[in-house]
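Below is one structure, written out as structure tokens; comments come after it.
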Amino acid sequence: MNSLTILGLLPLIGSAALFLLPKGSDLLAKQVALGVSIVVAIAGLGMAFSFNRSATGFQFVEKHQWIPAFGINYALGVDGISLLLILLALVLTPVVIAACWHEAEGGRWSVKNFFGLILILETMIVGVFAATDIFLFYVFFEAMLIPVYFLIGGYGTGEKAAAAVKFLLYSLFGGLLMLASIIGLYVISGNQLQAPTFDVTALSQLSIDPVTQRMLFLGFFIAFAIKAPLWPFHTWLPDAARAATPGTSVLLLGVLDKVGTYGMIRFCLSLFPEASKEFGPTIIVLSLISIFYGAFLAIAQGTSSGDGNIKALISYTSISHFGFITLGIFAFTEQSHSGATLYMINHGFSTAALFLIAGWMISRRKSERISDFGGLQRVTPIMAWLFFIAGMSSLALPGLSSFVSEFLVLVGTFARYPIPAIIGTIGIIFAALYILIPVQRALHGPITPGNENLTDLTLREKVSIAPVIAVIIFFGFYPQPLLDVINPAASATLSALQITGIMGGK
Amino acid sequence: MSLGTSDTLVYLIAIPLFSSAFLLLGGRALDRVGHLIGTAASASSFVVALIELNKMLGRDAESRGVTQHLFTWINVGSFQIDATLLLDQLSICFVLLITGVGTLIHIYSISYMAHDIDRRRFFAFLNLFIAAMLLLVLGNSYLNLYVGWEGVGLASYLLIGFWNQKPTYATAAKKAFVANRVGDVGLSLAVMIAFVQFGAVTFDGVAKGIEAGSASSTALNAMGAAILLAAVGKSAQFPLQAWLGDAMAGPTPVSALIHAATMVTAGVYLISRSNFVFDNAPTAQLLVVIVGAVTLLFGAVIGMAKDDIKKALAASTMSQIGYMILATGLGPAGYAFAMMHLLTHGFFKAGMFLGAGSVMHGMNDEVDMRKYGALRKVMPITFATFGLGYLAIIGIPPFAGFYSKDKIIETAFNAGGSKGIILGCVTLLGAAITAFYMTRVMLMTFFGTKRWDSAAHPHESPWLMTVPMILLSIGSITTGFIFSNGDRLKNFLAPVVDKHHHEHETELLAPIVVTGLAMFAVAIGISIALAKYSRKTIPASAPTDVTVWTKIARRDLLQDDFNETVFMRPGQSLTRVLAFLDKRVVDGAVSGVGAMTLRLAGDLRKTQTGYVRSYALLILLGTVAILAAILVVTV
């Protein structure tokens, strides 16, 4: 068995073990889940060290026939982009399990099922990023929805049922469009090659006429834009983030949504280069709208006098951040591409930090309304300052990791599209607002009634957030190890696009 | 010019940076020694700076700069950024000012913040500021500078909001950060233009690129304008000046260090550093001059109307930086004088802020000058040091400000044509107003009758506070002469800011005439202030029967009203409208589906059978249907 398969199977075995545990053994279930996820994370990091950074193309490749009648293979492999996204998931899973130790208590189902679902989700995420057979990718893409659906609907708060259904319907709708495109590709491959195939490398060699290419592109793109989420396909996200537990939100926004932007790079760009170039400017406009739209709605949550919701605010900031990622992807320069990929990783960590700390604030205050907080810097200084650091990363302060990726996206975009880059840069002003407004309302000012006796972070909470904060600071000063992994994959994607006249310095 | 290397530059930044981290992570255990560690860190940096200065003076004038390569920071394709430090004649001036004045202010703060429960955190933030400011002036590229640039913005935010339990102070901090971010957009754009035009973002690379002629004049003007935007935000210049007055919410040592002596002058540094851009971008350069001229009058007018001693000094800072910005806009002739005024201002304005802090310290933190009066008798050292700063800022010879401001006025007149005459008159007018409002501050604070509350028992501050004030006032006396004697500073800086040795051609007025005019302007300002404030008693509250112009000046020339009307309220309305539309319209595409599912969910909830399972079933059925579809299509 190949290392990627082992990596994917381990959490699945762990979850099976959890489901088999007798009722009431919650603590044991948590310990098993945490242990398994740590082992998987270490295994993943170990694997990453044997990754050849100078090579292009897929590594750790594995291929078995699955449904020979349709040419469907169980085919896995990673390049620099998917490797880092898998590592992101592997590192964040134990963090979430440790950070959200009590999150499942009070859910509809048992605690062990919650952690079992998280481990299943981890398996699906490894699968979706590692799949090099497009049908296998589709299977993981859809199957991923099931654990998330149960995590939101079973353990969430508020309008959880409606939010879970909305999430599911949106995703299924996108998935169906993508499936139609996949079938279309399959048929075309049958006409052009000896045998029809779902292999992504083989499919990228097809020559597809422009009209068909446009239609197939849109099938994929809309599915990914819903997942990403890009304006105007975003409306499921704030509802889902409001309803989901913080840990689920971390996995949903931090990791799972990256499937959308990852899919754009891996499938839209490499399978439909002409259509990508054709739709590029339109998508850049959508990206810019997302940047500002997300920022304005986050500010609206922050300034709302009554019911501004901290979880919804964070989810809106993510819409803004995803706008930067898609901007980088469709600006087609080396800097913007590497920056967009790095942005996916960095956003994962900074959003994780924000959601986890917000979750701790909520569980202590028993309220998600920003206006219910106030003066936390005095009451719970460690929690308050960690939230501040996470916020600074979210607004891309230089010295923290998000800055490098955001600046690379902007400078790369500027090289090809100066005006959109200038507009995007103006977005950094609103980023300052959407972070500093909740910071002021929740952390500063006098201690408001109801907050006097909140307790600061426990040792478990401090230990679980520490690696995330460490990553945010370390890769702010020294991002090159990540860029060394990303650069070859990013330039391979671009050279396959055969874009001429790339500027970006002489 | 090939530069040597040095292995010790990094210590300048690393010492205060690690001290800051240590103090923050060490927690309450370090409360008893935090201030000592912080001060020692700043002083150590100053010692390193002195050693570097000594080494630099030992090298030839043309090869004084040294660099230190630290590590590869960002490397993507042709975008290659190294973390490299550069210490040359321009940066050493700043390094000495930051660490020297910085250390004095650390010492002062030991006493000033003695009773604050968060004194350790205060020193941690001061150290963080020192480190970030040093990175700002030592980075060898625009992007390295950017890290320090936002770093000082962060430190400024943290220190303005140091007492953020008070909501207005928290708001002031946020306002400063956001205004600075507007400026940061400019710096970002400047980096982008540099990268696309020259393929490099180091100062050296951009200078070489310009020399090789690889950029159009449009591109250079755009880059200059972007740099100016950055400078305007950081240095509180028109139209991004509104945050500085509010920034006085920070503890007074912060106002002295960050919002008078160092951070707010970073814009002057940035423009001087980018001299190779502006010398080839006449339109941008003209904009620089206009911004400087407008701000120097703007700040001066606000300064006339303020009763809050710190806000009066803040308005004065804005105005004095206006002088510096104006000087940088005058090209090679102006950079050295801008730097000279920056350095002398660093001494006398920091000294006056510390003096204001000393007064507040003795007056229960009262800042309203109408409640002061006759303090010269009870606070003689504060009076003497503040008074020396006063003589320096209004430009009385032989105090420091005389030399530096006089040179700027002279250069302004010599700018040529009507531009020279207009600028010369603006700087003279500014000098007169400066003399007026500073005399007003002196009279209201130290002279006249006592107007203290019965609760106030003014007393002289302890020596930890007065010694830094005395040392700074010595700087206010001597630095002007030291820098200008034999054009010492100008010649020292020339290899960096005046590489091609421009001859300064025209001379509209003889220097002695300019000096005479300036003295005349100052005399008028002092006389009006004396006539208005020394004879009659000063009312306890600001008179209300004043002209509309006074009212406008008291409202900071309506800067906040303007921003609120033009940006804030429309922005707030926009966010509200968007939030509404997002719910009703954008989401409306699926609102029907949503409503339906809600009802469905409600029904299913009643049956208790678990609608979730139904949906799982739906997914299963869907998947089967899809597989069947594939079968049909391919068979």
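Within every chain, numbering begins at 1; the chains are lettered A, B, ... in the order of the sequence lines, protein sequences first and strands thereafter. What you see below is based on every heavy atom in this structure, not just the backbone, and it leaves out hydrogens, waters and symmetry mates.
- Counting heavy-atom pairs closer than 4.5 Å to chain B, the top residue among A:I422, A:D484, A:I447 is A:I422.
- When each of B:A170, B:A83, B:P167 is checked for heavy-atom pairs under 4.5 Å with chain A, B:A170 comes out on top.
- By the 30° and 60° cut-offs, the orientation of the rings of A:Y138 relative to A:F135 is tilted.
- Contact tally against chain B (heavy-atom pairs below 4.5 Å) for A:Y316, A:F403, A:Y478: the top residue is A:F403.
- Contact annotation for B:L143: only side-chain heavy atoms (C-beta onward) come within less than 4.5 Å of a heavy atom of chain A.
- A side-chain N or O of A:Y170 and one of A:T235 form a donor-acceptor pair less than 3.5 Å apart.
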Check: Can you list the steps and then say if A:T333 with A:F414 is a side-chain contact (heavy atoms from CB on, under 4.5 Å)?
Finding: CA-CA 9 Å; A:T333 66; A:F414 188 85; over 6 Å; no
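- For the set A:V139, A:L297, A:I182, the count of heavy-atom pairs under 4.5 angstrom toward chain B peaks at A:L297.
- Taking the six-membered ring where tryptophan is involved, the planes of A:W231 and A:Y293 are tilted, since the angle between them lies from 30° to 60°.
- Annotation: maximal heavy-atom pairing with chain B below 4.5 Å, among A:G375, A:S338, A:P479, occurs at A:P479.
- Looking at A:Q480, both its backbone and its side chain come within 4.5 Å of chain B, counting heavy atoms on both sides.
- Heavy atoms of B:L24 lying under 4.5 Å from chain A are absent altogether.
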Next item on the list: Decide side chain to side chain donor-acceptor pair (under 3.5 Å) for A:Q377 and A:H444; before the verdict, give the C-alpha distance in whole Å, the side-chain angles of both, and the deciding distance to 0.1 Å.
Entry: CA-CA 6 Å; A:Q377 196 183 298; A:H444 300 163; 3.3 Å; yes
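- The choice from A:V439, A:L395, A:I299, A:I382 that makes the most heavy-atom pairs within less than 4.5 Å of chain B is A:L395.
- Defined by atom type and a distance below 3.5 Å, a donor-acceptor pair is present between the side-chain atoms of B:W149 and B:D184.
- In this model, a donor atom of one side chain and an acceptor atom of the other lie less than 3.5 Å apart for B:T171 and A:Q440.
- Under the 3.5 Å distance criterion, with hydrogens and angles disregarded, no donor-acceptor pair is assigned to the side chains of B:W163 and B:D118.
- Annotation: B:F195 is in aromatic contact with B:F79 [ring centroid separation under 6.0 Å].
- Heavy atoms of B:L158 lying under 4.5 Å from chain A belong exclusively to its side chain.
- Within the 4.5 angstrom heavy-atom criterion, atoms from both the backbone and the side chain of A:I428 approach chain B.
- With a 4.5 Å cut-off on non-hydrogen atoms, A:L410 touches chain B through its backbone and its side chain both.
- Among A:T425, A:L443, A:I486, the residue making the largest number of heavy-atom pairs under 4.5 Å with chain B is A:T425.
- There is no contact between B:Y169 and chain A, counting heavy-atom distances below 4.5 Å.
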Next item on the list: For side-chain contact (heavy atoms from CB on, under 4.5 Å), just list the numbers for A:R416 and A:S336, CA-CA rounded to whole Å, side-chain angles, deciding distance to a tenth of an Å, and then say yes or no.
Entry: CA-CA 10 Å; A:R416 183 178 301 282; A:S336 76; over 6 Å; no
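- Contacts of B:L187 with chain A are absent, with no heavy-atom separation under 4.5 Å from either backbone or side chain.
- Both the backbone and the side chain of B:Y146 come within contact range of chain A, with heavy atoms under 4.5 Å apart.
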